[in-house]
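A short write-up of the structure that comes next.
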Amino acid sequence: MEYILEVNNVSKKYDTFALKDVSFKLPKGMIMGFIGENGAGKTTTIKIILDIIKTYEGNIKIFGQDKNTELNKDIGVVLDDAFFPEILTPKDIDIIMQDIYENWDSKLYNDYLNKFNLQNKPIKTFSKGMRKKLEIITALSHHPKLLILDEPTSGLDPVGRSEIIDIFQDFIQNEDCSILFSTHITTDLEHIADYITFINNGEIVLSKTSDEILNNFGIVKCSEKEFKKVDKKDYLKYRLNACDYELLVENKKDFKKKYDFKIIDKITLDELMVMMIKGE
Amino acid sequence: MEIIISNDSKIPIYEQIKEQIKSKIITNDLKEGNILPSIRTLAKDLRCSVITTKNAYEELEKEGYIKSMPGKGFFVCEINKDLAKEEQLNKIEVLLDKAIDIAKINGITKKEIKEIIDILYEEDK
Amino acid sequence: MLGFIKKELLMIKGNFKSIWLILIIYLLIGIFNKMDVSFILPFICTVIMISTFSYDNLNSWDAYAFTLPNGRKNLVKSKYLVTILTILFFSILSIPLSILITHLNNLPVNYLEILVTLFGAIFGTLFIISIMYPIIYKLGIEKARITIFVIIFGIAIVGAILIQFVNFEFIPNIISTLSNYLIPILIIILILSVLISYFISLKIVSKKEY
């Protein structure tokens, strides 16, 4: 399998936080959702991938090569809070980008501007949602092969998010292109992410296909008596609630075969996150 | 190609896709030689992961319902309709068996079961 | 790099709208007071260019620019280039402006004085930015402003103290000995300081992280 992005054993230390041995791989033609709490390390990891942070241990490979600034021409970026100075207008961006990216597609950019009804006024007059749409459009309009997006749908209403997700799916029709995006809005991911990578406290907790997670993982609900019967190896995390025990299991079918408990529920990404973070 | 997915169902999405395509093939909605949408197009239309549609197609191929021609796409195979029907009949038998078990335990008669079957068929029409 | 240059120019265009009114008023005041104030133009350039750093900082433009092709290098290159070119452009523009003002005041045009003032302005502004830009890149615009203020204040104080104790009379002697070579020497000093400043800024930005 060809990987468009490889993050290999990346570590970085700060005073109050550290990334420890972060590794994951994104194949061509796939969308990877990068989830985690605030402060878990999503943005730091993305900044390292993009070379905004340069001092770290480990290795990043993009398109099979060690990361270098030449590769930027095929990478589209949306950051959480960094963009063009807000006195500029969308038209200014068009004029500027024509001479920054060789593949800048002015027509595509303007089509997107019309589609989202973005007026040619200074960015500072835009709402948060409009700004995000402009940032996403800008990242797409030079036909990149890899999109790296930090919370691209934050601030967008459900309709806006839906429009953007559609655009992402159009983008991925080309098998040579991939998307990595970090988000809190796990429902978006449940629909279109092919892979989910979950980071907590600077460490990768899991990195699997979303099919595997949504089809195989499950939440078992049981009484204290039943809980005592379960072997520690057979669940990942557990939570003691007011009325019951919740267990996060990796394979619903196997668990069901071994212990015939009544309630083994399908899992959502939200529940997965909460269990992995708050469970023991 | 019309495929309707339930997000709530306990059945994994790739299985729902698989079963619906299978049924279209068996009922001749999809004929031999018909080309299926590409894995990516289907994923986009159903708003699901590409890996999901890939799994569905791969299993259909393994079970002999479709075949892939590299560079061209997935095509419906000539299937042994009887064999396919047999597989579905087996499934129905298992489900009916469960229903009959419940009926016997609770003293429900064969006649009452047959009435229910009649009503359910009418409802679909 | 052309794209980055366009970005700087478009920002100046955006900024200019707020400045030009003040500019006109200042010029009018100068004209009425029979003063040749055209040398103000290069200084206005410096103010505008430094304010672009503020806008950049507000939107974390630098971090975003790092993700563009050859971003780190082009960021610094374009800033210096645009600064130098606009200063030179507006300085040259101030010559006809000067001539116009002196004519309006019915005074004789002193070409030598105009040239000397012009040269002084160019030298002054380019020297100032040579010192300021690396500091801004290193510390960010907010801290840079304070630092520069402290430095100038410090130099002023040190100068005031020194004057009490040291006899600076030997300096005019040195200047008159050099006077034939004064202009070329100053030009060389200027070019060197801009170049050194540029390379220092490049180094700072190449290591910068956000």
Side-chain angles (χ1 to χ4, degrees), chain A residues 12 14 43-44 46-56 62 67-104 121-124 126 131 135 138-139 142 144 146-150, chain C residues 1-20 47-79 81-82 136-138 140-142 202-210:
Chain A
K12 166 114 186 138
Y14 288 103
T43 301
T44 308
I46 286 183
K47 284 186 176 173
I48 288 181
I49 293 174
L50 294 171
D51 248 359
I52 294 176
I53 293 176
K54 297 190 85 167
T55 54
Y56 56 89
I62 298 190
K67 177 80 172 74
N68 66 75
T69 182
E70 287 296 309
L71 302 173
N72 285 347
K73 64 179 173 38
D74 291 316
I75 301 178
V77 180
V78 170
L79 294 170
D80 195 15
D81 59 1
F83 195 50
F84 283 91
E86 51 184 33
I87 57 173
L88 297 176
T89 67
K91 188 138 196 271
D92 289 337
I93 295 179
D94 192 12
I95 295 174
I96 293 170
M97 289 305 211
Q98 279 170 26
D99 287 303
I100 290 190
Y101 287 113
E102 13 177 284
N103 295 329
W104 180 257
K121 297 207 175 97
I123 300 173
K124 68 176 171 212
F126 284 12
R131 266 186 223 219
E135 291 175 29
T138 309
H142 65 279
L146 175 61
L147 277 181
I148 298 189
L149 318 163
D150 197 0
Chain C
M1 187 191 40
L2 188 55
F4 283 83
I5 293 180
K6 282 182 178 175
K7 174 242 167 204
E8 300 299 331
L9 294 175
L10 286 167
M11 283 183 75
I12 293 175
K13 191 175 95 166
N15 257 331
F16 213 70
K17 292 180 186 164
S18 39
I19 294 267
W20 73 274
V47 168
I48 292 180
M49 286 313 297
I50 292 184
S51 77
T52 62
F53 279 104
S54 286
Y55 275 107
D56 287 350
N57 183 259
L58 181 66
N59 294 110
S60 303
W61 156 250
D62 280 9
Y64 184 72
F66 286 176
T67 68
L68 304 175
N70 286 315
R72 287 177 192 255
K73 194 161 168 225
N74 285 334
L75 206 59
V76 179
K77 228 176 173 187
S78 59
K79 198 71 110 173
L81 207 60
V82 170
I136 296 178
Y137 278 121
K138 183 80 184 168
I141 184 77
E142 300 301 318
L202 265 184
K203 191 116 199 272
I204 293 174
V205 169
S206 75
K207 298 226 163 86
K208 194 118 209 219
E209 297 187 345
Y210 283 97

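Chain naming here is simple, since letters A, B, ... match the order of the sequence lines and numbering starts at 1 in each.
We find the CD1-CG distance between A:Ile87 and C:Leu10 to be 9.0 Å, quoted to the nearest 0.5 Å. Between the OG1 atom of A:Thr69 and the CZ atom of C:Phe66 there is a distance of 10.5 Å, given to the nearest 0.5 Å. Annotation: the span from A:Ile148 atom CD1 to C:Thr67 atom OG1 amounts to 9.5 Å, rounded to 0.5 Å.
The residue from A:Thr138, A:Val78, A:Ile52 that alone fulfils the side-chain contact (heavy atoms from CB on, under 4.5 Å) condition with C:Tyr64 is A:Thr138.
Under the 4.5 Å side-chain criterion, counting only non-hydrogen atoms from C-beta, A:Phe84 is in contact with C:Trp61. With contacts defined as side-chain heavy-atom distances shorter than 4.5 Å, the pair A:Pro85/C:Lys7 qualifies.
Interface remark: C:Leu58 contributes side-chain atoms only to the contact with chain A (heavy atom separation under 4.5 Å). For a residue to count as touching a neighbouring chain, one of its non-hydrogen atoms must lie under 4.5 Å from one of that chain's; by this rule A:Thr43 does not touch chain C. In this structure, chain C has heavy atoms under 4.5 Å from both the backbone and the side chain of A:Ile53. Contact of A:Lys47 with chain C is made through the side chain alone, with heavy-atom distances under 4.5 Å. C:Lys208 touches chain A through its backbone: at least one of N, CA, C or O sits under 4.5 Å from a heavy atom, while the side chain does not. With a 4.5 Å cut-off on non-hydrogen atoms, C:Ser206 touches chain A through its backbone but not through its side chain.
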(message) Evaluate C:Asn70 against A:Glu70 for side-chain contact (heavy atoms from CB on, under 4.5 Å), listing each step before the verdict.
(response) CA-CA 7 Å; C:Asn70 286 315; A:Glu70 287 296 309; 3.7 Å; yes

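A donor-acceptor pair under 3.5 Å links the side-chain atoms of A:Asn72 to the main chain of C:Leu68, judged by distance alone. A distance-only check finds a donor-acceptor pair linking the side chain of C:Lys6 to the backbone of A:Ile95 [under 3.5 Å].
In terms of non-hydrogen atom pairs under 4.5 Å with chain C, the most contact-rich of A:Lys54, A:Glu102, A:Lys73 is A:Lys54. Comparing A:Thr55, A:Leu50, A:Asp51 by how many heavy-atom pairs each has under 4.5 Å with chain C, the most go to A:Thr55. Contact count against chain A (heavy-atom pairs under 4.5 Å) is highest for C:Pro69 among C:Ala63, C:Ala65, C:Pro69.
The environment of OH in C:Tyr55 is sparse: at most 12 heavy-atom neighbours from other residues, nucleotides or ligands sit within 6.0 Å.
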